[in-house]
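Counting begins at 1 with the first residue of the sequence.
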Amino acid sequence: MIGVGNEFRRDDGAGPAVVASLRDRVPPGVGLMLTDGEPARLIEAWAGAALAVVIDAVRAHPPRPGRVHRFVVDRPMGGTTQAASSHGFGLDEAVSLALALDRMPGRLIVHAIEAADLTQGTGLTPQVAAAIDDVARAVLSDIRDAATRA
């Protein structure tokens, strides 16, 4: 599981917050990691994994802070999504590159939480903080589902 973000940019810390909430709750053998979202680091984190789950804060238009999006990615999204990563690049670029390099995980699930505030500072806004437990439960469900498929 990969938490993308920067806890010193308010709601951009959503991915790391979900990872922190799952530290003692994931089954043995499930890796937890944090990254800044740079495509090469994402690809390195998920390459060879049967399942990779990415949690990230996103900007959406129109915005609804705290709203959660879940999608399974198996090919580039081709601009069909209205949410964009809070890091200035799209997950689409990382997926496109991973496909070209044959470095995709067996399955990639993304949980994206719409952000309200991406300015400097610590602490999530109330809307985003309220979504953390729901996303953590959804990630645990994804992990359980993957185990039953294996």
Side-chain angles (χ1 to χ4, degrees), residues 1-74 77 81-95 97-98 103-150:
M1 181 182 36
I2 306 164
V4 177
N6 179 344
E7 61 192 327
F8 298 106
R9 283 188 49 223
R10 303 278 301 173
D11 289 340
D12 195 36
V18 172
V19 169
S21 76
L22 290 172
R23 282 225 191 275
D24 298 321
R25 299 167 58 192
V26 296
V30 173
L32 301 174
M33 84 171 307
L34 300 175
T35 183
D36 61 2
E38 195 278 323
R41 284 189 275 278
L42 277 171
I43 293 167
E44 189 61 32
W46 72 43
L51 170 68
V53 179
V54 174
I55 305 100
D56 195 8
V58 296
R59 291 175 279 195
H61 302 287
R64 201 166 102 207
R67 180 170 48 177
V68 177
H69 304 267
R70 178 191 179 277
F71 47 96
V72 177
V73 181
D74 58 2
M77 293 169 275
T81 183
Q82 297 218 320
S85 172
S86 63
H87 310 286
F89 81 97
L91 181 62
D92 200 34
E93 286 85 359
V95 171
L97 184 57
R103 305 277 315 263
M104 283 291 289
R107 186 166 201 221
L108 174 61
I109 300 173
V110 177
H111 293 268
I113 304 169
E114 289 187 30
D117 182 356
L118 298 170
T119 62
Q120 297 280 329
T122 58
L124 303 172
T125 60
Q127 304 98 313
V128 172
I132 300 301
D133 286 339
D134 289 341
V135 173
R137 282 191 294 276
V139 169
L140 289 172
S141 178
D142 289 337
I143 293 168
R144 279 192 302 274
D145 289 350
T148 61
R149 291 178 183 210

Heavy atoms only: give me the nearest [X]-[Y] pair and the separation to one decimal.
X	Y	result
M104	A98	SD-CB, 3.6 Å
A14	L124	N-CD2, 3.7 Å
T125	A116	OG1-CB, 3.8 Å
R10	T119	CG-O, 3.2 Å
V58	A112	CG1-CB, 3.6 Å
G66	A131	O-CB, 3.5 Å

Table please: side-chain donor-acceptor pairs of residues 18-33 below 3.5 Å, with sequence neighbours left out.
residue: S21; atom: OG; partner: V18; partner atom: O; Å: 2.8
residue: R25; atom: NH1; partner: S21; partner atom: O; Å: 3.3

Going from [atom1] on [X] to [atom2] on [Y], what distance comes out if it is rounded to the nearest 0.5 angstrom?
X	Y	atom1	atom2	value
Q120	R9	CD	CZ	7.5 Å
E93	I43	CD	CD1	10.5 Å
I113	D11	CD1	CG	9.0 Å
L108	I2	CG	CD1	7.5 Å

> Any donor-acceptor pair under 3.5 Å linking the side chain of W46 with the backbone of G106?
Replying inline: no
> With no hydrogens and no angle check, is any side-chain donor or acceptor of N6 less than 3.5 Å from a backbone partner on D12?
Replying inline: no
> So do the side chains of H111 and I109 get within less than 4.5 Å of each other, counting heavy atoms only?
Replying inline: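 When only atoms from C-beta onward are counted, I109 and H111 do touch, with a gap below 4.5 Å.
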>> Taking the basic N atoms (NZ, or NE/NH1/NH2) and the acidic carboxylate oxygens, is any pair closer than 4.0 Å for E114 and R64?
In response: no
>> Run the salt bridge (charged side-chain N to carboxylate O under 4.0 Å, His left out) test against R70 and tell me which residues pass, sequence neighbours left out.
In response: D142
